[in-house]
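In what follows, a structure is listed as structure tokens, so that the remarks can point back to it.
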4 protein chains.
Amino acid sequence: MKHIKRRERESSEIRRKIIEAARSLFLNQGYAEVSMRKIADQIEYSPTTIYHYFANKEAVVRELLLEGNTLFLQALQQREQEGRAAGLNALDMLKTVSDAYVRFGTANPEYYNILFISNLESVSLVSLFDSGRFKGFELLEAGLKAAMEEGCIIQGDVRLIARSVWSMLHGLTSLLLNFEFPMAKSNDELIAFTIDTFLRGLSR
Amino acid sequence: MKHIKRRERESSEIRRKIIEAARSLFLNQGYAEVSMRKIADQIEYSPTTIYHYFANKEAVVRELLLEGNTLFLQALQQREQEGRAAGLNALDMLKTVSDAYVRFGTANPEYYNILFISNLESVSLVSLFDSGRFKGFELLEAGLKAAMEEGCIIQGDVRLIARSVWSMLHGLTSLLLNFEFPMAKSNDELIAFTIDTFLRGLSR
Amino acid sequence: MKHIKRRERESSEIRRKIIEAARSLFLNQGYAEVSMRKIADQIEYSPTTIYHYFANKEAVVRELLLEGNTLFLQALQQREQEGRAAGLNALDMLKTVSDAYVRFGTANPEYYNILFISNLESVSLVSLFDSGRFKGFELLEAGLKAAMEEGCIIQGDVRLIARSVWSMLHGLTSLLLNFEFPMAKSNDELIAFTIDTFLRGLSR
Amino acid sequence: MKHIKRRERESSEIRRKIIEAARSLFLNQGYAEVSMRKIADQIEYSPTTIYHYFANKEAVVRELLLEGNTLFLQALQQREQEGRAAGLNALDMLKTVSDAYVRFGTANPEYYNILFISNLESVSLVSLFDSGRFKGFELLEAGLKAAMEEGCIIQGDVRLIARSVWSMLHGLTSLLLNFEFPMAKSNDELIAFTIDTFLRGLSR
DNA sequence: AATGAATGAGTATTCATTCAT
DNA sequence: AATGAATGAATACTCATTCAT
């Protein structure tokens with residue numbers, strides 16, 4: 001193991017297969033079902049092989065977490081840039097980024113689960129502040145600050161408000177993922193309505 | 001099992017110990033960590049003894065779920081009645097019941113987890129519509145309908161709006177339970193701010 | 001327990017229920033499925049109650065064995081007497097008693113299993129020579145002796161021949177019980193053919 | 001499991017130890033007593049190790065069953081060829097193959113039990129018609145057909161007669177295995193006498 | 001680079017049985 | 001006469017992991 005350059009190991013094809021298998025198990029069967037042996041079976045390697053690429057199960061899950069973070073941030077940032085390119089005002093920016101948040105969650109349930117729902121104590125080593133969820137949070141805080149400066153929302157403690165917005169977005173996403181039930185209206189309408197309502201509440 | 005008198009069994013002290021141990025494990029370590037053996041260890045009885053009181057693990061968890069439902073509903077209804085007694089208008093009723101929801105969750109994290117976060121597929125036998133979470137939902141719909149009639153909130157699809165409110169409350173609660181991080185303001189302020197903001201968004 | 005007269009205990013209604021439940025479990029699910037708890041469940045008493053009537057599981061099974069013996073012997077003897085009443089000759093007597101043997105087995109699979117197939121080591125305490133199967137065997141030996149004296153079958157070691165006949169009857173019965181498979185002819189024909197053929201082989 | 005080379009696994013020494021231990025438990029204590037733990041104890045490995053070689057308990061027993069089938073058939077076929085080489089007539093062929101059947105059973109009680117006595121419902125996956133007992137049965141049917149054509153036994157439904165012969169052989173074997181009791185004559189004499197008598201009954 | 005071998009600890013559940021009442 | 005309480009030992013099976021090769 002020692003003579004292999006870190007780079008090569010990390011970009012190994014098997015390494016990718018491993019975390020893809022883990023992700024798929026996570027998605028289809030839940031965290032409890034992600035076992036080293038099941039991953040190994042899925043990629044048709046021996047369980048031992050996994051230990052060649054990851055120190056232990058936690059490391060696999062952590063990788064998944066990091067990957068999810070990256071993709072999550074990318075999704076938010078891309079929509080932000082699109083908004084900026086379209087010349088949106090601060091309020092509409094908030095709206096579009098909020099929408100991006102929920103879309104990411106519903107489109108990538110396995111990642112959203114890993115990031116925000118499963119209480120991965122075993123992975124809490126990844127300290128909260130390293131974790132990309134807080135980069136996403138900073139992005140949100142920045143957006144709110146801008147909106148305050150533009151005068152389109154109320155003045156107030158930015159962190160408090162950001163957390164409040166996040167709560168609304170998280171609740172929306174996680175109920176969509178876990179408790180769908182019959183509604184006359186579509187999920188899209190629910191998403192739009194909830195975000196709009198909350199932001200209207202914030203507006204001056 | 002039929003030969004045992006139900007009454008005596010259900011009021012047994014050990015029975016209580018069992019579900020309390022289960023509840024505590026649930027709270028501290030998550031569903032996956034609730035094992036019959038661990039429960040037994042905690043109450044200092046043999047694992048077999050648990051089977052004297054519950055048919056299997058699912059029965060233990062189901063009991064916990066039912067208990068949580070009952071307490072949750074009671075909490076909401078009590079606050080509703082207090083509000084009614086205090087002669088609150090429809091909007092303030094919504095506010096107070098919303099507050100009760102979040103308070104229940106933060107005060108009873110183990111129950112809130114069982115009810116709304118852990119995806120207890122194994123216990124899904126307790127059909128969704130019997131389950132108290134939907135009684136709570138009906139209570140919310142009724143409150144919204146009243147507020148619409150009083151003209152203090154916008155007109156709209158009651159079910160959609162109820163789900164929207166629930167999303168906000170659930171997000172608030174579950175982030176409080178799982179992701180506390182430093183804020184200048186207190187959790188109480190966050191709760192009040194979030195509920196107020198959302199309801200302001202709903203107001204005419 | 002001590003103050004109860006043996007007679008009463010043995011004729012108790014619950015005692016009967018217990019062994020009937022055991023018999024039914026034996027029949028429907030096989031020996032491995034006869035458990036004290038299952039018996040108790042079936043009769044709707046507590047498992048402990050069974051120990052009021054039987055020292056342990058072995059005692060229950062032993063009782064079943066004794067009962068099977070009795071019934072088995074009765075079946076053979078009744079047919080013998082009927083044959084005698086009908087004035088059958090020695091060879092026809094052998095035939096009719098042989099038929100009775102197989103009929104008993106196929107009509108009472110649970111008893112036949114207990115008596116001759118399940119290797120109830122735990123019950124082997126009931127010494128072979130007390131066991132009624134040997135009374136049945138004596139009956140067979142007597143029949144053969146009579147047939148020899150009448151000159152309708154070959155002379156020979158009676159015990160050897162009796163064991164030989166028994167082998168044929170047991171094979172017939174136990175394959176009927178455990179390995180039915182498609183045949184153009186009926187089981188009745190198979191039984192008659194096998195007994196006839198064997199006895200023809202014995203005839204002079 | 002797919003990632004392990006089948007060849008190496010199947011020829012493993014431990015694999016052999018496992019099934020030998022299982023066979024011995026089967027013989028000495030009956031099917032119900034074959035437990036993974038007991039096998040492990042006997043070979044002085046951990047129970048987990050067994051799962052390295054067999055998917056589950058059923059797989060162990062199935063292997064035993066298949067092995068028994070193979071050996072059983074080989075025993076019958078070998079004697080048949082010897083008979084053919086010796087130029088035996090059809091009736092003597094029946095005799096010698098019958099003898100081979102009983103010899104196999106008494107020489108390999110554990111296999112005979114697995115094949116014809118224990119009711120291995122759990123292993124019934126191995127469909128009856130694949131199973132060697134039916135290949136053995138076909139061999140018997142063929143022998144009878146030949147004997148009919150040679151005119152040395154009565155004409156009749158071959159399947160019925162084959163089943164009848166099988167019954168006799170099975171009864172002989174299984175009583176020899178399970179109920180030995182004092183006789184002046186030897187088991188060999190019993191076997192020869194029973195087979196001869198039955199076949200005499202079949203002769204013209 | 002990959003894996004076969006091996007395991008200790010754990011999972012839910014069932015069993016026959018004892019004992020005090 | 002009947003049972004509630006309790007248990008130690010067993011069941012099949014899964015898990016993450018280590019180690020020598």
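Atom set for the values below is all heavy atoms of this structure, side chains included, hydrogens, waters and symmetry mates excluded. Chain letters run A, B, ... following the sequence lines, proteins first and then strands; every chain starts at 1.
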Note to self: Under a 4.0 Å threshold between the charged nitrogen and the carboxylate oxygen, would A:K17 count as salt-bridged to A:E44?
What the structure shows: no
Output the single nucleotide from [options] whose closest atom is nearest the side chain of [X].
{"X": "B:I14", "options": "F:dA5, F:dT11, F:dA12", "answer": "F:dA5"}
{"X": "B:K57", "options": "E:dA16, E:dA12, E:dG4", "answer": "E:dA12"}
{"X": "B:Y45", "options": "F:dA6, E:dA6, E:dC15", "answer": "F:dA6"}
{"X": "B:M36", "options": "E:dA12, F:dA10, F:dA2", "answer": "E:dA12"}
{"X": "B:N56", "options": "F:dT11, E:dT13, F:dC13", "answer": "E:dT13"}

Next item on the list: Could you state the atom-to-atom distance from OH of C:Y51 to P of E:dA16 in whole Å?
Entry: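 Nearest whole value for this atom pair: 6 Å.
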Checklist line | Rounded distance in Å - CD1 (A:I43) to P (E:dT3) | finding: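 One finds 9 Å between P of E:dT3 and CD1 of A:I43, rounded.
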Notebook entry, point to check: Between B:S24 and B:E110, does a side-chain hydrogen bond (donor to acceptor under 3.5 Å, both in side chains) hold up when you go through it step by step?
Noted result: CA-CA 7 Å; B:S24 129; B:E110 72 280 30; over 6 Å; no
Margin query: Tell me if the aromatic rings of D:F116 and D:F72 count as close, with their centers under 6.0 Å from one another.
Written below: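 Under 6.0 Å, so yes.
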Is the phosphate of [N] approached by [X] (side-chain N or O, under 4.0 Å from OP1 or OP2)?
{"X": "A:T48", "N": "F:dC19", "answer": "no"}
{"X": "B:S46", "N": "F:dT7", "answer": "yes"}
{"X": "A:Y53", "N": "E:dA2", "answer": "yes"}
{"X": "D:H52", "N": "E:dA5", "answer": "yes"}
{"X": "C:T49", "N": "F:dT3", "answer": "yes"}

Checklist line | Side-chain (A:K57) to main-chain (A:V34) donor-acceptor, under 3.5 angstrom | finding: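 Checking the backbone N and O of A:V34 against the side chain of A:K57, a donor-acceptor pair under 3.5 Å is found.
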Note to self: Need to verify one output field. Residue with the more 5' nearest nucleotide on DNA chain E, C:S35 or B:V34?
What the structure shows: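 It is B:V34, whose closest nucleotide lies nearer the 5' terminus.
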Next item on the list: Specify the closest pair of heavy atoms between D:L115 and C:F179, including all atoms of both residues, with the distance to one decimal.
Entry: O-CZ, 4.0 Å
Next item on the list: Both distances under 3.5 Å, Watson-Crick or G-U wobble: on that basis, could you give the dot-bracket string for DNA chain F, with [ ] for crossing pairs and | for other-strand partners?
Entry: .||||||||||||||||||||
Note to self: So A:N69 and A:Y111, do their side chains get closer than 4.5 Å, heavy atoms only?
What the structure shows: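 Side chain of A:Y111 against side chain of A:N69, heavy atoms only: no contact under 4.5 Å found.
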Note to self: On DNA chain F, does the nearest nucleotide to C:I50 precede the nearest nucleotide to B:R37 from the 5' side, or the other way round? Give the residue.
What the structure shows: C:I50
Item checked: Verdict with supporting geometry, B:R62 and B:F54, side-chain contact (heavy atoms from CB on, under 4.5 Å) -> CA-CA 10 Å; B:R62 183 166 49 229; B:F54 295 91; over 6 Å; no
